[in-house]
Structures are given as C-alpha cells and as structure tokens.
Amino acid sequence: TAPTGDYDGDWVPTDASEFGYRVDEVLGGVSTTAVGRSNEIGGLLTIAGTTATAVDVEVQIDSIKSDSALRDGRFAGDIMNSDEFPTGAEQVVASATGELTLRGVTNPVTFDVTAQTVDGRIGVLGSIPVVFADYGIDNPSFGQVKTEDDGLVEFVLVFERSA
C-alpha cells in the first residue's frame, strides 16, 4: 500500500538497524554458514515525496561480530583489513542502485530492497551478493575451514527523522 503521512526530509539509522555478512563454509568437513552482524551504523536517508533520493550508510568493520572470536579477528584483520579500511559503505540512489565499497574497492551494485513504515520509522531490508575477488578479497579459507568464493552483505536499516 502507498505510504500515508509526510516523510519528506532526512532520516538517520537507529540502533535497531543491522548490517553484516553470510558466507557458506566447511569447518572440519562439516558444512556450516558463518554469519557476522553489527548495529553500529551511521548514515542518512533523504526522502522527497515518495522517492528516496539518496541513502548513504557506513559501518565500522571491526564492530561486525560473529559467534567466533577467531573468525572475527580474521575478518577484521587479513580479510577486510580494518586498520587500513575501517568502514564499509553503501550508497543507494532511489532505485537501489549505487556503489558498495569494501576494503577500499568500490563496485556498482543493483539489488532488491523491501521498505516499510511503522510507528513513524522507515525500515529497509536487503542483501547484496558479493564475489570476494571483485573487492580484492582473497578467499578466506584456511586449514580445515573452507569457504565459498562469494557471500552476501545483508542489512536491516531502521530510520527515524533527523533532529
């Protein structure tokens, strides 16, 4: 249904937002899925009428955590090199096309999003397929851990009107 109410203006992510990754891996011969998440997200969503004219979202890479401190260390360290590239950024203009920057490499992206308004907030949900090599990221397999060459960047963004 069409949104009702006035949504014109700037909106900022709340701590109900979530950003992360999902990668299939084989750990000691057992297939599993590695998942890391963070809700430490900054940015701005601008709306004019019924159009999102710009979204600029930034996540501190070292805030993304999984169920394994070892995985988190490798992710922030040699996989994403968060010392040199501390943020992951996604810029989307109106039609969910834009740029995704990981580890200092920016590529154009097009992806589906689902948006909903609830209690004066705007929620946006989506995922972006990522081929590691496209961002200069080596396949993170090591020892008994074998991963795929691709994964998903996933996000749930909850915006409230900027003060």
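Closest heavy-atom contact between Pro140 and Arg74: O-NH1, 2.8 Å. Closest of all the heavy-atom pairs between Tyr135 and Arg103 is O-CB, 4.3 Å. Residue Tyr21 comes nearest to Arg71 through the heavy atom pair OH-CD, 3.2 Å, listed as atom of the first residue, atom of the second, then distance. The minimum heavy-atom distance linking Ile41 with Pro13 is given by the pair O-CB, 3.9 Å. Taking both residues in full, the closest heavy atoms of Glu154 and Ser127 are given as CG-CB, 4.0 Å, listed atom of the first, atom of the second, then distance.
Hydrophobic cluster membership differs between Ile61 and Leu152, with clusters built from Ile, Leu, Val, Met, Phe, Trp and Tyr side chains linked at under 4.5 angstrom. With hydrophobic clusters built from ILVMFWY side chains whose heavy atoms lie under 4.5 angstrom apart, Ile47 shares a cluster with Val113. Tyr7 and Val158 are members of different hydrophobic clusters when ILVMFWY side chains are connected at heavy-atom separations under 4.5 Å. Val59 and Leu125 sit in two unconnected hydrophobic clusters of ILVMFWY residues. Membership requires side-chain heavy atoms under 4.5 Å apart, directly or through other members. No continuous path of ILVMFWY side-chain contacts below 4.5 Å connects Leu44 to Leu100, so the two sit in separate hydrophobic clusters.
When side chains are defined from C-beta on, Leu102 does not count as touching Phe132, because their heavy atoms never get closer than 4.5 Å. Put simply, the side chain of Asp134 does not reach to within 4.5 Å of the side chain of Val105, judged on heavy atoms. Inter-residue side-chain proximity for Gln60 and Pro86 is flagged as met; some heavy-atom pair is nearer than 4.5 Å.
A donor-acceptor distance shorter than 3.5 angstrom exists from the side chain of Thr53 to the backbone of Thr46, with no hydrogens or angles considered.
Summarising the geometry, atom CD belonging to Glu25 is positioned 12.0 Å from atom CD belonging to Gln144; distances are rounded to the nearest 0.5 Å. Residue Ser17 holds its OG atom at 12.0 Å from CD of Glu40, rounded to the nearest 0.5 Å. Rounded to the nearest 0.5 angstrom, Phe142 CZ and Asp78 CG are separated by 8.5 Å. Distance CG/Leu45 to CZ/Arg161: 10.5 Å, rounded to 0.5 Å. For the atom pair Ile64 CD1 and Asp72 CG, the distance stands at 9.5 Å (nearest 0.5 Å). A distance of 4.5 Å separates CG of Asp149 from CG of Asn139, quoted to the nearest 0.5 Å.
Here the options are Asn39, Val156, Val153, the test is side-chain contact (heavy atoms from CB on, under 4.5 Å), and the partner is Phe19; only Val153 passes. The side chain to side chain donor-acceptor pair (under 3.5 Å) with Asp24 is formed by just one residue from the set Thr32, Thr147, Thr33; it is Thr33.
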